[in-house]
Amino acid sequence: MAIELGKPGVDGLGDVVGVLREWQYDGAPVQLHPGDLGWFWRFGVEQTAAATRTWSRDVQILAAGLLDEPDLLRLAIAPGAVRDEELARQLVEDVSEPERGVLIEGKVYVEAPAGALIKDLLSKDGWHTDDPWTPLRRDLAEPVEDPGLRIEVVRPERAPVRTAVQRASFDGSTFTDERWHAMAAGVPYADARCLVGYDAEGNAVAAVTVWSAGPGKPGLLEPMGVHRAHRGNGYGQAITVAAAAELQQLGSSSAVVCTPSFNVGAVATYKAAGFEPLPETRDLYRDA
């Protein structure tokens, strides 16, 4: 059967989340996680559906992609299809030709798991490697230490606190209360939690969202931020430890996070919170 490129639509997003959960396992290359789709869900279910693509053979989804931006496709591939030549060649065609409705014209990027055949084929077609990212992982088999920070699990009525810390942590953030509620209404958030950390004076100083992929599977931190007025006090490490503990309570086997390698402060924070760096990954890009 031929590989079919599809758009799942609003009704099909649950199926995509389901396969992304199935494809997560310890030791697998870091790739698109259901939490990535969940974080994007803050823009609304319709926009999330419009940004999602699937590649299927005989109605079985073999690859799923999220257009995090019109020029960036983030891919996950079924464990048994990472080196599937028919799939890889179809993916290359679809990401290379704008009329296919995946990536736009001009300079574009593809994020794919390490070892995937599509990366080899794109490189042969003249695509280049971009700046490195560092994935980090913490095993959750052992009890997680106390973070040393008062932690609140965010309920709907406390969404304004969560969104305010996000905006104070990231320049240009557009995370509003409305977007928090849109995210929380999404399918992936059933296995997710937002946490806010408070200092001794009761100030909200850090926040994180954690996404479980189900019991016995790796969970994801996306995003984590520290209020710009409260940096340099170890709150990033503390909220990251709290995130690991929350994922452990959700049944996750490990906690994973990914950050640009040039962000040495973030890498150091995650390492201080017990996360171990994994081999760097690089997106591929095509010049305009």
- Between Thr240 and Val208, is a side chain to side chain contact (heavy atoms under 4.5 Å, CB included) present by the stated rule, with each step listed? CA-CA 8 Å; Thr240 300; Val208 67; over 6 Å; no

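- Salt bridge Asp177/Arg162: absent, no basic N to carboxylate O contact under 4.0 Å.
- Lys107 NZ to Asp130 CG: the interatomic distance, rounded to the nearest 0.5 Å, is 6.5 Å.
- Here the CG-CG distance, from Leu72 to Asp283, works out to 6.0 Å after rounding to the nearest 0.5 Å.
- Considering all non-hydrogen atoms of both residues, Gly225 and Ser169 come closest at C-OG, 3.4 Å.
- Counting heavy atoms from C-beta on, the side chains of Val161 and Tyr198 come closer than 4.5 Å.
- Under the 4.0 Å criterion applied to side-chain N and carboxylate O atoms, Glu276 and Lys271 are not assigned as salt-bridge partners.
- In this structure Gln248 satisfies the side-chain contact (heavy atoms from CB on, under 4.5 Å) test together with Leu140, Val144, sequence neighbours excluded.
- Here CD of Gln31 is found 7.0 Å from CD1 of Ile77. Values are rounded to the nearest 0.5 Å.
- Residues satisfying the side-chain contact (heavy atoms from CB on, under 4.5 Å) criterion with Val45, sequence neighbours excluded, are Val10, Leu13, Trp41.
- Considering only heavy atoms from C-beta on, Ile239 comes within 4.5 Å of Ile151 through its side chain.
- Between Arg138 and Glu145 a salt bridge is recorded (basic side-chain N to carboxylate O distance below 4.0 Å).
- Counting heavy atoms from C-beta on, the side chains of Asp171 and Arg228 come closer than 4.5 Å.
- Under the salt bridge (Lys or Arg N to Asp or Glu O under 4.0 Å) criterion, Arg179 pairs with no residue at all, not counting sequence neighbours.
- The two residues Ala192 and Trp211 have their closest heavy-atom pair at CB-CE3, 3.3 Å.
- The distance from the CD1 atom of Ile3 to the CG atom of Asp94 is 10.0 Å, given to the nearest 0.5 Å.
- Between Phe275 and Tyr270, the ring planes are tilted. Angles from 30° to 60° get that label.
- Across all their heavy atoms, Pro70 and Leu103 have their closest contact at O-CD2, 3.6 Å.
- Ring geometry, Tyr109 versus Tyr285: the interplanar angle falls from 30° to 60°, so the pair is classed tilted.
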- side chain to side chain contact (heavy atoms under 4.5 Å, CB included) between Asn203 and His230, intermediate numbers included: CA-CA 9 Å; Asn203 299 304; His230 299 281; 4.0 Å; yes

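- In terms of heavy atoms, Ala213 sits closest to Pro34 at CB-CG, 4.0 Å.
- By the neighbour-count criterion of 12 heavy atoms within 6.0 Å, atom CD of Glu99 is densely surrounded, having more than that number from other residues, nucleotides or ligands.
- Two residues are said to be in side-chain contact when any heavy atoms from C-beta on lie closer than 4.5 Å; His33 and Leu20 fail this criterion.
- A salt bridge links Arg89 to Glu85: one of the charged nitrogens lies within less than 4.0 Å of a carboxylate oxygen.
- Cation-pi geometry between Arg53 and Trp55 is not met: the NZ or CZ atom fails to fall both under 6.0 Å from the ring centre and inside 45° of the normal.
- Here the side chains of Phe175 and Met183 are in contact, with some heavy-atom distance below 4.5 Å.
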Let me check something: any side-chain donor-acceptor pairs from residues 59-68 under 3.5 Å, sequence neighbours excluded? List them with distances.
from	atom 1	to	atom 2	distance (Å)
Asp68	OD2	Arg74	NH1	3.0

- Query: Between Leu136 and Leu278, is a side chain to side chain contact (heavy atoms under 4.5 Å, CB included) present by the stated rule, with each step listed?
  - Reply: CA-CA 5 Å; Leu136 300 100; Leu278 301 174; over 6 Å; no

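- A salt bridge does not link Glu22 to Lys217: none of the charged nitrogens lies less than 4.0 Å from a carboxylate oxygen.
- Arg150 and Gly202 make their closest contact through NH2-CA, 4.5 Å (heavy atoms, listed as atom of the first residue, atom of the second, distance).
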Name the atoms and distances for all side-chain donor-acceptor pairs under 3.5 Å in residues 121-129, with sequence neighbours left out.
from	atom 1	to	atom 2	distance (Å)
Ser123	OG	Lys119	O	3.0
His128	NE2	Gly126	O	3.4
His128	NE2	Asp287	OD2	3.3

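- The two residues Gly115 and Val82 have their closest heavy-atom pair at O-CG1, 3.6 Å.
- You'll find the side chain of Trp180 reaches within 4.5 Å of the side chain of Cys194, heavy atoms only.
- Here the straight-line distance linking atom CG of Leu221 with atom OG1 of Thr259 works out to 11.5 Å at 0.5 Å rounding.
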- Show your reasoning for whether side chain to side chain contact (heavy atoms under 4.5 Å, CB included) applies to Arg137 and Asp26. CA-CA 10 Å; Arg137 175 185 180 274; Asp26 288 313; 3.3 Å; yes

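- In this view, Asp71 satisfies the salt bridge (Lys or Arg N to Asp or Glu O under 4.0 Å) rule with no residue, not counting sequence neighbours.
- Side-chain contact check for Pro113 versus Val30: every heavy-atom pair is 4.5 Å or farther apart.
- Counting only heavy atoms from C-beta outward, the side chains of Asp84 and Arg57 approach each other to under 4.5 Å.
- Atom CD of Glu97 and atom CD of Glu105 lie 11.5 Å apart (nearest 0.5 Å).
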